[in-house]
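Working notes, structure below.
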Amino acid sequence: MADADVLQWRVEASANGYTGASSAWFVLATLREFAETLRAYPLVVGAKIASGFGADPEHLDEEHVGVDAYRVGSRGQVGLRVRLSTPHWPDDRVEAQQSVELELLTTYERLRDFSDGLVDLIDGSAESARIEEETLV
């Protein structure tokens, strides 16, 4: 696979006082497909993406970046479950690995804007894609 077919996606996330960051390599076509999935209304069950160590993205040996998108309730609230972990190399102590898992509640409109930002990131016309938390009351 050529370098132009992959992107190292650095993800920084924070919610409710918890913060984490990590990066992983993603096949551009897979990342674009995930971005398109985020535009669906209602959100597709099982909308997710992950990367890390391992040849099979469905069964990674070690996940460094994982994002699941899902519906929350019936009022238009959606959630992103974000999992971030540093790589664990053979000479590293297991205890030295850092990880965080958090939920970011948001809306379909913000999810659609994030999808557009991801596509711009993939196409090289943006340096980042951002999504903000928004909790419906």
Side-chain angles (χ1 to χ4, degrees):
M1 193 172 302
D3 286 346
D5 296 338
V6 295
L7 172 75
Q8 186 175 24
W9 186 24
R10 176 165 175 77
V11 177
E12 298 176 8
S14 65
N16 299 318
Y18 292 89
T19 302
S22 191
S23 63
W25 290 94
F26 288 85
V27 174
L28 290 178
T30 304
L31 195 54
R32 186 180 299 276
E33 183 178 301
F34 177 68
E36 287 302 316
T37 300
L38 297 180
R39 297 185 64 75
Y41 180 85
L43 194 57
V44 175
V45 173
K48 63 182 178 177
I49 193 165
S51 186
F53 291 157
D56 180 6
E58 292 295 319
H59 303 95
L60 293 170
D61 297 330
E62 187 176 306
E63 181 182 74
H64 301 146
V65 172
V67 180
D68 299 346
Y70 47 88
R71 294 176 274 186
V72 177
S74 60
R75 297 181 38 171
Q77 187 81 73
V78 291
L80 292 177
R81 170 69 54 190
V82 181
R83 297 173 306 282
L84 304 168
S85 180
T86 57
H88 179 260
W89 301 101
D91 292 339
D92 291 346
R93 293 180 311 109
V94 172
E95 298 84 2
Q97 186 176 31
Q98 306 296 314
S99 64
V100 66
E101 182 171 346
L102 51 87
E103 180 184 57
L104 177 98
L105 294 176
T106 193
T107 61
Y108 278 99
E109 182 177 357
R110 289 181 188 250
L111 200 58
R112 187 175 44 253
D113 291 343
F114 179 60
S115 171
D116 291 343
L118 276 178
V119 170
D120 290 343
L121 180 68
I122 293 163
D123 292 341
S125 60
E127 292 185 16
S128 65
R130 185 174 177 87
I131 187 165
E132 296 289 332
E133 189 170 25
E134 183 176 350
T135 305
L136 299 175
V137 285

query: Same cluster or not: are V82 and Y70 linked, directly or through other Ile, Leu, Val, Met, Phe, Trp or Tyr residues, by side-chain heavy atoms under 4.5 angstrom apart?
result: no

message: Under a 3.5 Å threshold, yes or no: a donor from one side chain and an acceptor from the other, between E103 and Y18?
response: no

- prompt: What is the minimum heavy-atom distance between S14 and T19, and which atoms define it?
  reply: CB-OG1, 3.4 Å

query: Applying the 4.5 Å side-chain criterion to the ILVMFWY set and letting contacts propagate, would V100 and L60 be lumped into a single cluster?
result: no

message: Count I, L, V, M, F, W, Y as connected when their side-chain heavy atoms are under 4.5 Å apart, and connections chain through other members. Are L43 and L118 then in the same cluster?
response: yes

field: Separation of Y108 OH from D113 CG (nearest 0.5 Å)
entry: 15.0 Å

field: Spatial distance of atom CG (L31) from atom CD1 (I122) [nearest 0.5 Å]
entry: 4.0 Å

- request: Locate the shortest heavy-atom distance separating L84 from A21; write the atom from each residue and the value.
  value: CD1-N, 3.7 Å

task: Please determine if R83 and D68 form a salt bridge, counting it only when a charged side-chain N lies under 4.0 Å from a carboxylate O.
output: yes

query: So, for H64 and P87, which heavy atoms are closest and what is the spacing to 0.1 Å?
result: NE2-CA, 3.4 Å

- prompt: Between E132 and R110, does a salt bridge (charged side-chain N to carboxylate O under 4.0 Å, His left out) hold up when you go through it step by step?
  reply: CA-CA 7 Å; E132 296 289 332; R110 289 181 188 250; 5.0 Å; no

message: Are more than 12 heavy atoms, taken from residues, nucleotides or ligands other than E127, located less than 6.0 Å from that residue's CD atom?
response: no

message: Same cluster or not: V119 versus V44, using hydrophobic residues (I, L, V, M, F, W, Y) connected whenever any side-chain heavy atoms lie under 4.5 Å apart?
response: no

query: What are the two closest non-hydrogen atoms of R39 and D116, and how far apart are they?
result: NH1-OD1, 2.6 Å

Separation between CD of Q98 and NE2 of H88, rounded to the nearest 0.5 Å: 11.5 Å

message: Closer than 3.5 angstrom, by distance alone: can the side chain of D56 be matched with the main-chain N or O of E58 as a donor-acceptor pair?
response: yes

query: Within a strict 4.5 Å, meaning less than it, do heavy atoms of the D120 and S125 side chains meet?
result: yes

CG-CD distance between L104 and E133, expressed to the nearest 0.5 angstrom: 5.0 Å

query: At their closest point, which heavy atom of G54 faces which heavy atom of D61, and how far apart are they?
result: CA-OD2, 3.8 Å

field: Modelled atom types, side-chain donor and acceptor of S85 and Q97, under 3.5 Å
entry: yes

- request: Any chance you could measure F34, atom CZ, to F26, atom CZ, to the nearest 0.5 Å?
  value: 8.5 Å

F53-W89 aromatic ring centre distance below 6.0 Å: yes

query: Is it true that a side-chain atom of S23 and a backbone atom of W9 form a donor plus acceptor pair closer than 3.5 Å?
result: no

query: Is there a donor in the side chain of E134 and an acceptor in the side chain of T106, or the other way round, less than 3.5 Å apart?
result: no

Heavy-atom closest pair, residues V67 and L80: CG1-CD2, 4.1 Å

field: Straight-line distance of L111 CG to L38 CG, nearest 0.5 Å
entry: 4.5 Å

